[in-house]
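For reference, the structure is listed below as structure tokens.
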Amino acid sequence: QVQLVESGGGLVQAGGSLRLSCAASGRTFNSLYMGWFRQAAGKEREFVAAITWNGGTTYYADSVKGRFTISTENAKNTVYLQMNSLKPEDTAIFYCAASRRLYGATQARLYDSWGQGTQVTVSS
């Protein structure tokens, strides 16, 4: 089992930036993909970005391409999500997740471990 703890959320004005962190502990060697998902009020959880621990493969949702960057720091077992040019529609709870699979990096149902989430609010 992998334990995940997110941090870095907060309130920011439109056009601003935030960096989310996800600290992983436990059986992290079993995790192949690390992903970020988000859920806005009244909406379903949606994929944001995913990365392999070696950083060699990344995926992004079309809505965040060019604005968000996912990265890893293996020495700290930490995954980051740098979010720039934030928009009010980015407001959501952001979740970090870990998957033991080599496929389906964009599908929430294929992730095995989840953090508790961190709130991101973007004001207009």
Side-chain angles (χ1 to χ4, degrees):
Q1 190 72 9
V2 177
Q3 292 78 45
L4 303 170
V5 178
E6 303 98 334
S7 62
L11 173 64
V12 64
Q13 288 189 333
S17 299
L18 283 174
R19 188 178 79 157
L20 305 183
S21 300
C22 172
S25 60
R27 301 174 70 86
T28 57
F29 54 86
N30 280 345
S31 300
L32 298 176
Y33 275 110
M34 297 297 295
W36 284 97
F37 292 79
R38 65 186 180 186
Q39 187 166 16
K43 296 187 178 181
E44 293 186 354
R45 191 169 298 189
E46 66 173 0
F47 170 74
V48 175
I51 191 170
T52 50
W53 270 113
N54 65 6
T57 302
T58 58
Y59 297 96
Y60 292 94
D62 288 342
S63 59
V64 307
K65 279 181 183 176
R67 300 189 299 123
F68 292 9
T69 303
I70 190 170
S71 62
T72 61
E73 186 171 359
N74 287 13
K76 294 185 177 181
N77 280 346
T78 299
V79 180
Y80 302 100
L81 185 68
Q82 177 67 43
M83 304 186 295
N84 299 328
S85 301
L86 283 162
K87 305 175 181 179
E89 51 263 43
D90 293 317
T91 295
I93 299 174
F94 280 70
Y95 297 91
C96 176
S99 172
R100 293 174 294 178
R101 297 166 178 81
L102 278 171
Y103 56 90
T106 65
Q107 301 178 50
R109 64 182 179 86
L110 297 180
Y111 281 75
D112 308 288
S113 303
W114 291 83
Q116 292 191 328
T118 184
Q119 177 72 48
V120 171
T121 302
V122 185
S123 63
S124 57

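Remember, predicted model here, so these are calculated numbers, not experimental data.
Pairs of residues two or more places apart, or lying in two chains, never qualify as salt bridge (Lys or Arg N to Asp or Glu O under 4.0 Å) while including a residue from residues 113-124. Judged as a salt bridge (Lys or Arg N to Asp or Glu O under 4.0 Å), not a single pair has a partner in residues 3-22 (not counting sequence neighbours). Within the structure, no pair that satisfies the salt bridge (Lys or Arg N to Asp or Glu O under 4.0 Å) test touches residues 115-124, not counting sequence neighbours. Pairs engaging residues 90-99 under the side chain to side chain donor-acceptor pair (under 3.5 Å) rule: R38-D90, R67-D90 [sequence neighbours left out].
Grouping Ile, Leu, Val, Met, Phe, Trp and Tyr residues whose side-chain heavy atoms lie under 4.5 Å apart, directly or via other members, leaves L11 alone, with no other cluster members.
Remark: T52 engages Y33, N54, T57 in a side chain to side chain contact (heavy atoms under 4.5 Å, CB included) (not counting sequence neighbours). Partners of F47 under the ring pair (Phe, Tyr, Trp, His ring centres under 6.0 Å) rule, at least two apart in sequence or in another chain, are F37. Under the rule for a side-chain hydrogen bond (donor to acceptor under 3.5 Å, both in side chains), the partners of S17 that lie at least two apart in sequence or sit in another chain are N84. Residues satisfying the salt bridge (Lys or Arg N to Asp or Glu O under 4.0 Å) criterion with K65, sequence neighbours excluded, are D62. Residues that satisfy the salt bridge (Lys or Arg N to Asp or Glu O under 4.0 Å) test with R101, not counting sequence neighbours, are D112. Annotation: ring pair (Phe, Tyr, Trp, His ring centres under 6.0 Å) contacts of W53 (sequence neighbours excluded): none.
In this structure, the separation between CG on L20 and CD on Q82 is 9.0 Å, given to the nearest 0.5 Å. Atoms SG and CD, from C96 and Q116 in turn, are 12.5 Å apart once rounded to the nearest 0.5 Å. From I70, atom CD1 reaches atom OG1 of T58 across 8.0 Å, with rounding to the nearest 0.5 Å.
Side chains of L4 and M34 form a contact here, defined as non-hydrogen atoms less than 4.5 Å apart. Side-chain atoms of W114 and R45, non-hydrogen and from C-beta on, do get closer than 4.5 Å to each other. For the pair C22/Y80, no side-chain contact is recorded, criterion being any heavy-atom separation below 4.5 Å from C-beta on.
At a threshold of 4.5 Å between side-chain heavy atoms, the hydrophobic network of Ile, Leu, Val, Met, Phe, Trp and Tyr places V64 and V12 in one connected group. Under the 4.5 Å side-chain heavy-atom criterion for grouping Ile, Leu, Val, Met, Phe, Trp and Tyr, W36 is not connected to Y111 through any hydrophobic cluster.
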Residues 117-124 side chain polar contacts: donor-acceptor under 3.5 Å, at least two apart:
residue: T118; atom: OG1; partner: G9; partner atom: N; Å: 3.2
residue: Q119; atom: NE2; partner: A92; partner atom: O; Å: 3.4
residue: Q119; atom: NE2; partner: T121; partner atom: OG1; Å: 3.4

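Scanning both residues, T78 and K76, for their nearest heavy atoms gives OG1-O, 2.8 Å. The shortest non-hydrogen separation linking G8 to L18 is O-CD2, 3.8 Å.
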